[in-house]
Amino acid sequence: MDFKKIKIKPSILKELKQEGLISIEAVDGSEVKVLDTNNLQEGELKNVKKSKIDKNDKAIALNKKKKKKLNKAKQTELNKNESHIVVKKKINKKEKSNGKISRRNINDELSGTTGGLNGTVSGLSDTTSSLSHTTDSLSHTTDSYKINNKKKVEHGKTKNKAISKSIKKKQKKIMGDAKKKLKRLNDNNISINSDLEKSITEEPKKGKMKKNKMEKRKNKMEKRKSKMEKRKSKMEKRKSKMEKHKSKMKKGKENQIAVPSKKRFDINEVIKNEKNFPKSDDIKYLIHCKEWSINKSVDILHNILKSLYDNNFLSPKEIQKQTLTDSIKLKKDIVVISKTGTGKTLTFCIPILNNIVQKKIKMFKKKNKINKPKLQCIVLVPTRELAIQINKHFTFVNKYVNIYIATIIGGLSVIKQNKILAKKPEIVICTPGRLRYFLQPKQEKKQMTNLYDLKHIRYFVCDEVDKLIETSFLGDIKFIAKHMYKCVGEKKKFIQTFLLSATLNLTVQMKNENLINLLNCVAIRTDKHSIFNLNGACTVAHENSGNNSNHTTYNINTNTRHTISNNVSTCTNKNYMDTILPDTLSLKFVKCKKNKILHKLFYLLKNFFFNEEEEGEEEGQEGERQKEGEQQPGSFKKVIIFLNTIKDTKNAATMFQFLFFDKVLESSIPNKYRINKSLKKNINIYCLHSKLLLKERIKKINIFSQKNQNSILFCTDVLSRGIDLHKCDLIVQLNCPVTDITFVHRSGRTARNLQKGTCVCFITNEEIDKWQISLKKIGLDLNKIKEDETLIRTSDEIFYKLNIAISCCEEIMKLNNMLKDNKNSSYLSRLAKEAELEDEDDLSSDSDKSHNNFSNEYIFKNMLHLKKKLYTTLYDS
Ligand SMILES: Nc1ncnc2c1ncn2[C@@H]1O[C@H](COP(=O)(O)OP(=O)(O)OP(=O)(O)O)[C@@H](O)[C@H]1O
């Protein structure tokens, strides 16, 4: 294959090269010949005829002229910019005619692209036009070459047909090849053009482009940096969230379920502590040890004494003093009847832990080995909250012993609890229903849970036993007791049982059949038990018990029941106020009409929290307004208000949130509709009932109990039993309780642990008979109970204002419900939109639709107006 050479004067090429305008390179070494000054010099004389050279010279001469123009353009503009023109040309002998067209096309395109350019571009167009001239001249040379070739072929026809045939064949072949190559050439030319276009358009802007590019790069880098920073901050936020969550979980777990303490029981450490703790120089600790030894009659481990000391249980309470000798030293069954808040929980926590550890130490010293942990104790309680509270008490005593204690209650994951049981707790605190669940093997597979085997049980506790006898629990307790005694077998006689209640004596007096049932299934060892009744007399004027019921009234069949009933009933005849309710409790009542309960309650609470002089203040008046947050101990008050139904509890809580301008309500309202008025003392309002999730309930109890702030807790009887809140100054019973026993337990949430407390009962005309009967059952005479003084003195003017305030509040609550409706309907419509149901009327029921046509703005405006009125009425006068 031969190459047709392009003749371009080397001087032009040099200059173009030097200026960086042209670079010539091989596309394909086999087909393309690159022309440069060297091969021009060598090749032109050998392969190109003189005529063609002349023609080419002419073209080159033309190029000379163009070159001058080019130089001018080059000097003016191209000094700044570098240009690269890549020219790739493939020329074949047989491409002459077609090549012409293609080259013309190329040139047209080149001239087209260059035509529209500015000064620089005009120079460049000149170079391209010069190129077109050179290519034109090339076409001429190729044309002439073709003609010559044809003449040769014609001449050969006459002489040699074979030669002509072969030539034809060759021609055909060559033509075919030429066509193919032409195509390639076109493609290459197109690429050249695009390169040229790019280079031509880009070159003049290159300086700016570089700057722009740099700026863009900088921007990109900055963007990346900011993105990275954002990511980092996000990650940090996530981390902190995770940490918070973890700490919350830890706290929650501490409150909810007993997870294995970090340290597990270590016999060597316990023995070491037993040696080291008594060596203490701390006189206070030594006195503490002496107090708990109860005249050296009780031998409590120093591991336990130290933990009691650390938790400020510096001396035993009366009920503890009386019971510990029998429970620890003599290992008797214990029945405890003692008023609310007198410290019954420790009467079983201390002996159980003490006896378990003592046994372990004894075994270790005897056999020099420690037995594997086994479930030894079951504590049954009626409520989940109480189970958690008892766990806390155990944890206080368990500080240096580290025995694994678990809480198994309803409302929490069964799977998780089963896992906890697999870790072999030695004490399990549980509600009857959940324990029964774990004792029943799964029907299909007869699969046993981790709690199934109770053969090692040696301690059995029923706290609030008179609540556990309620029908809903009794079946479960019977099942549990039967299963436990079956597992234990002959060792039943070693089980130490604890029954505790503040009101068991009342239940005994009332001939409760369920109690007889329970006492029949829970074994109290006749020869080894003690009954401690600190409540004293039981002169209950029970309807069915005749005139004097202070002696056994049961038809007792078993020794156990006989013993308990006798012991509980043989009490001295005292005034009931001295016996059933805490000594430090002050009991009062408020008589009122049903529709005035909330009016009077507000007035009572307002007086309780604020002195007359301290009443509300105007916006912006800082005065002595306390800052949000914790208050000094003693400067804050806590109130619990008991109601009979969940609905009433919720409504009352919401109303008092408005009446006391609880900040929680304002937080969900847009700024411009907030009243921005606050009371001198911020009062937090809480609401608690059984429909709340267990976690929420526990959270609220903890917040109410632990926050040192003025607080009011509206609740149902879910909280009436056993719960020991850190501080409670006032109990209000807004309705007559279902039973007299409930009355005692409600009242017992205050005046605990010898602290002072008040209980106020609201007695309406409708409920007065019910109250009288209920109080009579526990030996109280309504006529002898004081009426609350603050409410006796209420003037008509005050009531007039209270009427306005309460009706304002009712209006606000209606508006609040409208807001909720709007929120619900917008939520539903959003859901419908997401589900693409928005236009399908038939799919939305009436209940789905909003019940009002008022906009949120309208509602907020009205609420604000009413709140201002409310504030002026209650606090501005
Ligand atoms: N020895 C003690 N020293 C100091 N405080 C004690 C002592 N024993 C118990 N307490 C505290 O007394 C309070 C009441 O105790 P506890 O809850 O055991 O009473 P309770 O008799 O079980 O009441 P309830 O009948 O209402 O369940 C608790 O706060 C408890 O921590």
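Both ligands and their constituent atoms are indexed starting at 1 by order of listing. Remember, it's a predicted structure, so these values are computed and weren't measured experimentally. Residue numbers start at 1 and run along the sequence shown.
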Asks: Please list the nearest protein heavy atom to atom 28 (C) of ligand 1 with its residue and the distance rounded to 0.1 Å.
Replies: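 Protein heavy atom at minimum distance: D724 OD2, 3.1 Å.
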Asks: Could you work out, for atom 16 (P) of ligand 1, the closest of L346, L534, T345 by heavy-atom distance?
Replies: T345
Asks: To check your reading of the model: name the closest protein heavy atom to atom 8 (N) of ligand 1, its residue, and the distance in Å.
Replies: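 The protein heavy atom lying closest is Q320 NE2, 2.8 Å.
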Asks: Hey, what's the ring geometry for Y309 with Y285, parallel, tilted or perpendicular (30° and 60° as the breaks)?
Replies: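 Answer is perpendicular, since the angle exceeds 60°.
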Asks: Contact between ligand 1 and H393 is defined here as a heavy atom of the residue under 4.0 Å from a ligand atom; is it met?
Replies: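 It does, in that a heavy atom of H393 comes within the 4.0 Å cut-off of ligand 1.
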Asks: Among all the protein's non-hydrogen atoms, which is closest to atom 2 (C) of ligand 1, and how far away is it?
Replies: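 For this ligand atom, the closest protein heavy atom is F313 CD2, 3.5 Å.
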Asks: Under 4.0 Å from a heavy atom of R752: which atoms of ligand 1 are those, numbered in the order shown and with their elements?
Replies: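 What qualifies from ligand 1 is 14 (C), 16 (P), 17 (O), 19 (O), 20 (P), 23 (O), 24 (P), 26 (O).
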Asks: Give a yes/no on ligand 1: does R721 have at least one heavy atom closer than 4.0 angstrom to it?
Replies: no
Asks: Please report the shortest heavy-atom distance between R749 and H745, naming the atom on each side.
Replies: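 Taking R749 first and H745 second, the nearest heavy atoms are NE-O, 2.9 Å.
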Asks: G341 near ligand 1, heavy-atom distance under 4.0 Å?
Replies: yes
Asks: Would you sort out whether V401 and L301 count as a side chain to side chain contact (heavy atoms under 4.5 Å, CB included), showing the intermediate values?
Replies: CA-CA 10 Å; V401 176; L301 291 166; 5.9 Å; no
Asks: Just need the protein heavy atom nearest to atom 11 (C) of ligand 1, so name the residue and atom and give the distance.
Replies: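 Scanning the protein heavy atoms, the shortest distance from atom 11 (C) of ligand 1 goes to N753 ND2, 3.6 Å.
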Asks: Yes or no: does W292 have any heavy atom under 4.0 Å from an atom of ligand 1?
Replies: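 It does; at least one heavy atom falls under 4.0 Å.
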Asks: For a side chain to side chain contact (heavy atoms under 4.5 Å, CB included) with F642, tell me which candidate from L713, L734, I731 qualifies.
Replies: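 Exactly one option meets the side chain to side chain contact (heavy atoms under 4.5 Å, CB included) with F642, and it is I731.
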Asks: Quick one: does S307's side chain have a donor or acceptor within less than 3.5 Å of a partner on I304's backbone?
Replies: yes
Asks: Tell me, which protein residue and heavy-atom name are nearest atom 1 (N) of ligand 1, and how many Å apart are they?
Replies: S315 O, 2.8 Å
Asks: Which distance, rounded to the nearest 0.5 Å, do you find between the CD1 of I334 and the NZ of K528?
Replies: 10.5 Å
Asks: Atom NZ of residue position K699 - does it have more than 12 heavy atoms of other residues, nucleotides or ligands inside 6.0 Å?
Replies: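 No - once you tally the heavy atoms of other residues, nucleotides and ligands closer than 6.0 Å, there are 12 at most.
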Asks: Tell me, which protein residue and heavy-atom name are nearest atom 19 (O) of ligand 1, and how many Å apart are they?
Replies: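 That would be G343 N, 3.2 Å.
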Asks: So is there a nitrogen or oxygen of T342 less than 3.5 Å from a nitrogen or oxygen in ligand 1?
Replies: yes
Asks: Keeping N684 on the side-chain end and S711 on the backbone end, is there a donor-acceptor pair under 3.5 Å?
Replies: no
Asks: One thing to verify: whether R525 and D333 come together as a salt bridge, which I'm taking to mean a side-chain N less than 4.0 angstrom from a carboxylate O.
Replies: yes
Asks: Where is the nearest protein heavy atom to atom 25 (O) of ligand 1: which residue, which atom, and how far?
Replies: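 For this ligand atom, the closest protein heavy atom is K344 NZ, 2.7 Å.
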Asks: May I ask whether R749 places a heavy atom under 4.0 Å from ligand 1?
Replies: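 Contact present.
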Asks: Does the residue S501 have a heavy-atom contact with ligand 1, meaning some pair of atoms that are separated by less than 4.0 Å?
Replies: no
Asks: Counting both backbone and side chain atoms, is some N or O of T340 under 3.5 Å from an N or O of ligand 1?
Replies: no
Asks: How many angstroms lie between atom CD1 of I723 and atom CZ of F704, to the nearest 0.5 angstrom?
Replies: 12.0 Å
